[in-house]
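Residue numbers begin at 1 in each chain, while the letters A, B, ... track the order of the sequences. Not measured: the values here are computed from a predicted model.
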2 protein chains.
Amino acid sequence: MKLAEAKDKFLQTWGALGSNWGVSRTMAQIHALLLIAPDPMSAEDVMEQLQISRGNANLNIRALIDWGLVQKELRSGERKEFFVAEKDIWKVFRMVVKERRKRELEPMLRILADLKEIDGSKTDRETKEFIEVIDNIHRLAGKADKSLATLIKADENWFLGSVMKLMR
Amino acid sequence: MKLAEAKDKFLQTWGALGSNWGVSRTMAQIHALLLIAPDPMSAEDVMEQLQISRGNANLNIRALIDWGLVQKELRSGERKEFFVAEKDIWKVFRMVVKERRKRELEPMLRILADLKEIDGSKTDRETKEFIEVIDNIHRLAGKADKSLATLIKADENWFLGSVMKLMR
DNA sequence: ATAAACTTTCAAAAAGTTTTGAAAGTTCAA
DNA sequence: TTGAACTTTCAAAACTTTTTGAAAGTTTAT
């Protein structure tokens with residue numbers, strides 16, 4: 001396989017993966033592009049390489065910065081902004097987990113806590129079943145939340161090393 | 001909060017969550033509905049409660065069965081099919097992880113292995129950077145794959161218990 | 001103050017995804 | 001067999017998300 005072909009395949013694959021991870025297709029592609037770029041790229045460079053519009057490029061680069069996956073790099077004497085991706089994949093993974101925990105898990109925990117406050121006799125089957133299910137979900141979600149909080153802070157080798165050893 | 005209101009809120013919340021997890025909105029709502037139902041429900045029941053069409057109900061119930069989240073239940077003397085959701089949330093979680101591992105992680109691992117086969121001098125910066133990045137991703141993805149394989153087989157208390165203790 | 005070099009915004013268009021519902025298919029009791 | 005009771009399929013419609021591109025905004029050198 002030629003380099004150009006491999007690069008393209010990687011952009012496509014990373015893009016597809018992204019849409020399964022709450023990161024939009026283009027966002028993931030821009031990230032992929034920056035990941036394999038040996039040097040910082042300007043918005044213009046990104047637009048050209050991925051054949052996307054100025055607005056689209058701008059929007060998604062901004063989102064990547066928001067997620068903490070890309071950083072601006074300014075050069076003295078240049079007005080243009082350049083961008084670099086975080087290249088430590090373990091850090092990227094943690095960033096994504098962190099962001100999703102904030103956006104999804106935390107709101108859900110609040111709602112579940114609310115739902116348990118349902119009033120009425122815990123005697124009829126419907127109510128009983130409902131409370132039981134919500135409670136189970138709430139407990140698991142709580143544990144997951146704590147585990148993720150720790151994972152977010154953890155060092156790669158330490159984490160994967162211990163978990164995998166543990167798992168024999 | 002009244003039971004009916006709480007149920008509705010739960011259906012909406014679970015539906016929204018689903019779309020972040022590779023399970024379509026309606027699919028997740030049907031799952032939620034079955035989760036809190038004290039008894040098995042027929043396709044007709046689901047259609048009525050969720051106000052969705054026959055085709056939609058059928059398609060998504062089938063998908064849920066595919067994912068292993070819902071099971072058919074036949075009653076002798078009745079031609080209609082009834083459906084029950086898996087109510088053990090930890091099992092549900094494992095099922096989802098298992099399915100996504102198969103659908104996303106495994107194909108990606110194959111592609112990454114391929115991408116490393118790139119030919120050409122590892123001397124120029126572009127090629128070097130590319131191989132380096134792909135290799136890092138491949139290694140992390142491999143570790144993740146192994147960890148997930150173990151998690152899928154693990155028992156809830158054992159898993160969360162040990163990981164959380166470990167994480168202190 | 002001006003203009004060149006950029007970045008940001010946003011409404012409209014395109015693309016992608018999900019849902020519908022009518023028609024076709026299947027199963028089973030009689 | 002037949003037909004009633006269901007389930008499945010699929011093309012078209014509805015809805016959602018993403019992308020575009022032109023216009024507006026910002027910054028900096030002169």
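Place A:Ser53 and A:Gly77 on DNA chain D by their nearest nucleotides, and A:Ser53 ends up nearer the 5' end. The nearest heavy atom of DNA chain C to A:Glu81 and to A:Asn56 marks one nucleotide each, and the one closer to the 5' end goes with A:Glu81.
Residue B:Leu74 contributes atom CG, which lies 10 Å from atom P of C:dC28 at whole-angstrom precision. B:Arg79 places its CZ atom 7 Å from the C1' atom of C:dA29, with the value rounded to the nearest Å. Taking atom CG of A:Leu59 as the reference point, atom P of C:dT8 lies 10 Å away to the nearest angstrom. For the pair A:Asn58 CG and C:dC10 P, the computed distance is 12 Å after rounding to whole Å. For B:Met27 and C:dT17, the CE to P distance is 16 Å, given to the nearest whole Å. Whole-Å rounding puts the A:Ile52 CD1 to C:dT7 P distance at 13 Å. The separation between B:Ile61 atom CD1 and C:dT19 atom C1' is 15 Å, rounded to whole Å. To the nearest angstrom, P of C:dG25 lies 18 Å from CZ of B:Arg54.
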> What's the verdict on side chain to side chain contact (heavy atoms under 4.5 Å, CB included) for A:Arg94 and A:Leu151, showing C-alpha distance, side-chain angles and the deciding distance?
Replying inline: CA-CA 7 Å; A:Arg94 263 156 53 215; A:Leu151 180 148; 4.1 Å; yes
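Between B:Val46 and B:Phe83, every side-chain heavy-atom pair lies at or beyond the 4.5 Å cut-off.
The local environment of CD in A:Glu106 is crowded, with over 12 non-hydrogen atoms from other residues, nucleotides or ligands closer than 6.0 Å.
Among the nucleotides D:dT19, D:dT7, C:dT8, the one closest to any side-chain atom of A:Lys72 is C:dT8.
B:Gln51 comes within 4.0 angstrom of the backbone, heavy atoms only, and of no base. Residue contacts shown for B:Arg62 are limited to sugar-phosphate atoms, with no base heavy atom under 4.0 Å away.
When the side-chain nitrogen and oxygen atoms of B:Ser24 are compared with OP1 and OP2 of C:dT17, none of them lie within a distance under 4.0 Å.
Using a cut-off of 4.0 Å between Lys/Arg side-chain N and Asp/Glu carboxylate O, A:Asp135 and A:Arg139 are scored as salt-bridged.
For the pair A:Ala6 and B:Ile118, the tightest heavy-atom approach, listed with the atom from each and the gap, is CB-CD1, 4.3 Å.
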